[in-house]
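As C-alpha cells, the structure follows; a few thoughts come after it.
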Protein chains: 2
Amino acid sequence: MTDFNDKQIEILQVAENLFAEQGFDGTSVRDIAKSANINIAMISYYFGSKEKLLEALILYRISDMRLQMENLYREELTPIEKIDRLIELYIKRIHQNKGMYQIIHFEISSGKRIINCDAFNEMKKNNLEVLKNIIKEGQDKNIFNKDVNVVLLPTTIMGTYFHFQMNKPFFKDILNLNTQEDINNYVYNELTIHIKQTIKALLTYEK
Amino acid sequence: MTDFNDKQIEILQVAENLFAEQGFDGTSVRDIAKSANINIAMISYYFGSKEKLLEALILYRISDMRLQMENLYREELTPIEKIDRLIELYIKRIHQNKGMYQIIHFEISSGKRIINCDAFNEMKKNNLEVLKNIIKEGQDKNIFNKDVNVVLLPTTIMGTYFHFQMNKPFFKDILNLNTQEDINNYVYNELTIHIKQTIKALLTYEK
DNA sequence: ATCAAATTTAAACAAACGTTTAATTTAAAC
DNA sequence: GTTTAAATTAAACGTTTGTTTAAATTTGAT
C-alpha cells in the first residue's frame, strides 16, 4: 500500500525535517528540492503536489509507528512494571519521531489544512484501550487508585515531553544542555524518571 | 512603553486570532487587513512590517500577562493550598491567552524566526523561582517529598494543558465536547482537577 | 476658514510561491 | 543498435506574497 522508492523516501525524510523546523507554510518546495539535491519538478512528479507530499509523509510514518502495546499487555509483569515500560515505549517512540509529531500537531490544531487524521486517531484510541486494561488490572489488584482520569494520563505523559521539546531553548539555558547528546540523555533519564514518578504517584498515592 | 491606540490594538487582536489559527506563515497581511476591515498598507504604516507586528503582539500580551504569583506566595495558605491556587492561576491565564501561547511556542520551537523571547524567558524564570519557594516551604514542613524535579513541574502542568489543546479534535470526539462551552467546562473542571491531583500526588505520595 | 499633520486609500512593485511545460538525458528491454 | 518508457532538467506559467508609493481624505489646532 505504501511503497515508495529510495528517491521518494529521501524526499520524505528531507521534507520531514524541514516541515518540523519551519512548518509546512514556512517551507517551500524549492527548500525541499535544494536539501534533497533534486529538481523542483520532482516533487510534483513523484507526489502530485506539496500537500500530497505531506499526506504521503504522514501515512509513511504512521505505518512505521505501530506500537506493540498488545505484547506489552500480555507480558508477565506487574501493573506498575507495565506502566513503567509503557512510558519508556511512549517517550522513545515520540522522541525518535518528534519531527513527525510536531508537524501533525501543528497541522491538526490549525484546522486550516484538511489532512486525513483517521489513521492517527485510530492509533491513539487503540493505545488508550490498552492503557485502560492495564489500569483496570492494577485497580482489581488494589494496587492503583480508582479515582483516576485515565483519558488524561497519556495527555500528561506526552504533554510533559512535548512541552519540554517546545521550550527546548529555555531548558538548554537553565539546565546547560549544550549538545544534542545532552538533550537525549536528559530526555531518556531525568525526564523519563520524572514522568514515571508522576504517573506512579498519581496511581498509587494514599489520600 | 507599550502604548497602542485603539486601531492598533484591534489589528493586534485580529492578528493574534489568525496567527493562532493558521500560523504566522499561513496568514497573509491581506487576511489580517480583511478581518480587521482596514487597508493593507495600515499594517506597515502602524507596525513597520508583518514581523514587527508579531513582535509588537508578543510584547503587548506579555505586558498584559504578568502573574501576581508573589502575592500568592505571601498569602496565608498552606503549601498545598498554594499549589492548588497556582495551578488554577496557570490554567486560567494560559487558557485565556491560548492563542498567544500557540504562536509563541511555534515560533520559538522553529528557530527560523528571530523573535525577542527574553521577556518571555524572564517571566518563566521568575515563575519558577516562586514555585521553588513554595515547594521548599512544603519540604521544610515535611509535607512535600524531597526527590521532586521542580524544574519539570510547570512542564507537566502546562504540557498537560497544551497537549489537550493540540488534540482538541480527538477529545471532542471521544468526550463529546460539542461546544466551546463544553470545552471550557472540561478545562476548568476535569482537566484542572486531574492536574491538581497529579501534582499533589507527586509531591505527597509515600514510597 | 486655513493649514499642517495624521490617516486612509488604490495601485503598483519586485520577489517568492506552487505548479506545469516541453525538451533532454538515462535506463532497460528487445 | 534501436526503441520505449522513466527520470530529470531548465524555463516559464499565473498567483500570491510583503512592502512601498503617491494621491486623497480626515482630523485637529490655530
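Not measured: the values here are computed from a predicted model. Every heavy atom of this structure was used, including side-chain atoms; hydrogens, water molecules and symmetry mates were not.
For the salt bridge (Lys or Arg N to Asp or Glu O under 4.0 Å) test, residues two or more places apart in sequence or in another chain that qualify with B:K136 are B:D140. By the ring-ring contact (aromatic ring centres under 6.0 Å, His included) test, A:H194 is found to be paired with no residue, residues two or more places apart in sequence or in another chain being considered. B:D173 pairs by the side chain to side chain donor-acceptor pair (under 3.5 Å) definition with A:K125, not counting sequence neighbours. Checked against ring-ring contact (aromatic ring centres under 6.0 Å, His included), B:Y45 has no partners two or more places apart in sequence or in another chain. For the side chain to side chain donor-acceptor pair (under 3.5 Å) test, no residue two or more places apart in sequence or in another chain qualifies with B:K50. For A:Q180, the side chain to side chain donor-acceptor pair (under 3.5 Å) partners at least two apart in sequence or on another chain are A:N184. Partners of B:F171 under the ring-ring contact (aromatic ring centres under 6.0 Å, His included) rule, at least two apart in sequence or in another chain, are B:F164. Not counting sequence neighbours, A:Q139 has no partner by the side chain to side chain donor-acceptor pair (under 3.5 Å) test.
Applying the salt bridge (charged side-chain N to carboxylate O under 4.0 Å, His left out) definition to pairs two or more places apart or across chains, those involving residues 181-205 of chain B are B:D84-B:K200, B:E88-B:K196.
Where DNA chain C meets chain B (any atom under 4.0 Å from a heavy atom), the bounding nucleotides read 5' to 3' are C:dA6 to C:dA12.
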Dot-bracket encoding of pairs in DNA chain C, which uses [ ] for pseudoknotted crossings and | for another strand, Watson-Crick or G-U under 3.5 angstrom = ||||||||||||.|||||||||||||||||
Protein-nucleotides 19-27 of chain D N/O pairs closer than 3.5 Å?
from, atom 1, to, atom 2, distance (Å)
D:dT19, OP2, B:K50, N, 2.8

